[in-house]
Amino acid sequence: MPATRAETMAEDTVKLTRDTSERRREITSMLKSRGSVQVVALSEQFGVSMQTIRKDLHYLEEHGIATRAYGGAISSEVVTVNAEPPIETKRVIHTEEKERIGQLAAAMVEPGDSIMLDSGTTALQIARFLPDDEDITVVTNDFGVLSALTQKRKIKIIMLGGELRRKNMAFYGAQTVAALDELLLDKLFLGVDGFDVERGITTHHEPEAQLNRKMVETARQVIAITDSSKFGKVCLHRIIDISEINALITDSDAPDYIRDAADRFGFTLHLA
């Protein structure tokens, strides 16, 4: 006897549930083995819509398996930086390393350069050591960097507007991103909260990640700046892969795998 419509619908529902459960088990396995997944790749692999994959990732996030990130998700097991320290704390940790990095980075700026200084205490050190040259233009969204630059009489300063985030005293938002539309810069000095070889450069704050990606688009050279304490850390919001940087300036305590990564991904490593 042919199946009734109700029986057919019930069978379809069971199959759909089974397929969904199996797909989510496979995604969970991929997260554990790889550390992260991307929506587009999963959609193509499983032959389902990106909306379906986003529902899967939302389900896994609710069950503590994944943490949503830009374009996909990160395994909850590898998100090693859960809370952003206040700026007062950042100012007093790894100060010697940041100072050396700042001096080395500032020495890479030449007359005629237009540069972007990202927010952060390492970028502040670059601002302190920049030569006071009227042929240097600095663009920034960081209030501390602006304060340091105003002590110099010749450097040209462009301050990006937007909404002030008091936690790190920098400006973010759609207005900040839009201000970069008409700019083409020589060098971007990009600060990071997390630097992982496989999972890329990450940060705590989503608007910061969005702004940083726009900064990368405007610059001919992308130079990451970080002390060695950030290596191996993964934050919630991805900025770029490390293959997208041209150079990395860090301190001499950088682990050997960072040196290997420079050769593997083709960026220049500078040790301060």
Visitor: Could you pull out the closest heavy-atom pair between A127 and K152, with the gap in Å?
Guide: O-CE, 2.9 Å
Visitor: Pick one: which of T176, L183, V177 meets side chain to side chain contact (heavy atoms under 4.5 Å, CB included) with L180?
Guide: L183
Visitor: Would you call E99 and R128 a salt bridge, using N to O less than 4.0 angstrom?
Guide: yes
Visitor: Provide the closest heavy-atom pair for A224 versus F195 in the form atom of the first, atom of the second, distance.
Guide: CB-CE1, 4.5 Å
Visitor: Please name the residue in the list E163, E206, E208 that meets the side chain to side chain contact (heavy atoms under 4.5 Å, CB included) test with Y172.
Guide: E208
Visitor: S114 and side chain to side chain contact (heavy atoms under 4.5 Å, CB included): which partner among I158, V138, L185?
Guide: L185
Visitor: How long is the span from the CG atom in L146 to the CG atom in L124, to the nearest 0.5 Å?
Guide: 11.0 Å
Visitor: Do the non-hydrogen side-chain atoms of E244 and F267 ever get within less than 4.5 Å of each other?
Guide: no
Visitor: For a quick test of reading the model, state the closest non-hydrogen atom pair linking M108 to H270 and the distance between them.
Guide: CE-NE2, 3.9 Å
Visitor: Any salt bridge between K230 and E97, counting N to O under 4.0 Å?
Guide: no
Visitor: I'd like to know if D113 pairs up with K187 as an ion pair, taking the criterion as any Lys NZ or Arg NE/NH1/NH2 lying under 4.0 Å from an Asp or Glu carboxylate oxygen.
Guide: yes
Visitor: Just verifying a value: how many Å separate I136 CD1 and L130 CG, rounded to the nearest 0.5 Å?
Guide: 6.0 Å
Visitor: Supply the atom-to-atom distance N168 CG to N141 CG, rounded to the nearest 0.5 angstrom.
Guide: 8.0 Å
Visitor: Quick check: is I249 connected to F129 through a chain of hydrophobic side chains (ILVMFWY, heavy atoms under 4.5 Å apart)?
Guide: no
Visitor: So does D227 get a backbone contact from the side chain of D251, meaning a donor-acceptor N/O pair under 3.5 Å?
Guide: no
Visitor: Any side-chain donor paired with an acceptor under 3.5 Å for T52 and S49?
Guide: yes
Visitor: Return yes if some donor-acceptor pair links the side-chain N/O of D241 with the main-chain N/O of G200 below 3.5 Å, else return no.
Guide: no
Visitor: I need the full list of salt bridge (Lys or Arg N to Asp or Glu O under 4.0 Å) pairs touching residues 48-65, with sequence neighbours left out, sorted by first then second residue.
Guide: R23-D56, R24-D56
Visitor: I would like to know whether T122 and K98 meet side-chain hydrogen bond (donor to acceptor under 3.5 Å, both in side chains); could you show each step before the answer?
Guide: CA-CA 5 Å; T122 306; K98 291 174 183 177; 5.0 Å; no
Visitor: Taking the side chain as every heavy atom from C-beta outward, state whether Q125 and Q103 have any pair of such atoms under 4.5 Å apart.
Guide: no
Visitor: Below 4.5 Å, heavy atoms only, C-beta onward: do L190 and I225 meet side chain to side chain?
Guide: no
Visitor: Does the side chain of V37 reach to within under 4.5 Å of the side chain of L57, using non-hydrogen atoms?
Guide: yes
Visitor: Hey, could you give me the CG/CZ distance between L164 and F143, rounded to the nearest 0.5 Å?
Guide: 8.0 Å
Visitor: Considering only NZ, NE, NH1 and NH2 on the basic side and carboxylate oxygens on the acidic side, decide whether K214 and D181 come within less than 4.0 Å.
Guide: yes
Visitor: Identify whether the distance between the nearest side-chain nitrogen and carboxylate oxygen of R220 and D186 falls below 4.0 Å.
Guide: yes
Visitor: Could you grab the distance from atom CD1 of I101 to atom CG of L271, nearest 0.5 Å is fine?
Guide: 9.5 Å
Visitor: For a 4.5 angstrom cut-off between non-hydrogen side-chain atoms, does I223 reach I245?
Guide: no
Visitor: Can you tell me how far apart CZ (F189) and CG (D118) are? Round to the nearest 0.5 Å.
Guide: 11.5 Å
Visitor: Any sub-3.5 Å donor-acceptor pair from D196's side-chain atoms to V234's backbone N or O?
Guide: no
Visitor: Looking at R238 and A209, what are the two nearest heavy atoms and their distance?
Guide: O-CB, 3.8 Å
Visitor: For residues N212 and M215, determine if any side-chain heavy atom of one lies less than 4.5 Å from a side-chain heavy atom of the other.
Guide: yes
Visitor: Would V39 end up clustered with I65 when hydrophobic side chains under 4.5 Å apart are linked, directly or stepwise?
Guide: yes
Visitor: I'd like to check L117 versus D142 (side-chain heavy atoms, cut-off strictly below 4.5 Å). Are they in contact?
Guide: no
Visitor: Using every non-hydrogen atom in the two residues, find where A66 and A73 come nearest and quote the distance to one decimal.
Guide: CB-CB, 4.1 Å
Visitor: For the pair N246 (side chain) and T268 (backbone), establish whether a donor and an acceptor sit closer than 3.5 Å, ignoring hydrogens and angles.
Guide: no
Visitor: Does a side-chain heavy-atom distance below 4.5 Å link V139 with L160?
Guide: yes
Visitor: Quick check: does any side chain N or O of S43 sit under 3.5 Å from a backbone N or O of V48, one acting as donor and the other as acceptor?
Guide: yes
Visitor: Counting distance only, does the side-chain N/O of D193 pair as donor-acceptor with the main-chain N or O of T202 below 3.5 Å?
Guide: no
Visitor: Are more than 12 heavy atoms from other residues, nucleotides or ligands located less than 6.0 Å from atom OH of Y59?
Guide: no
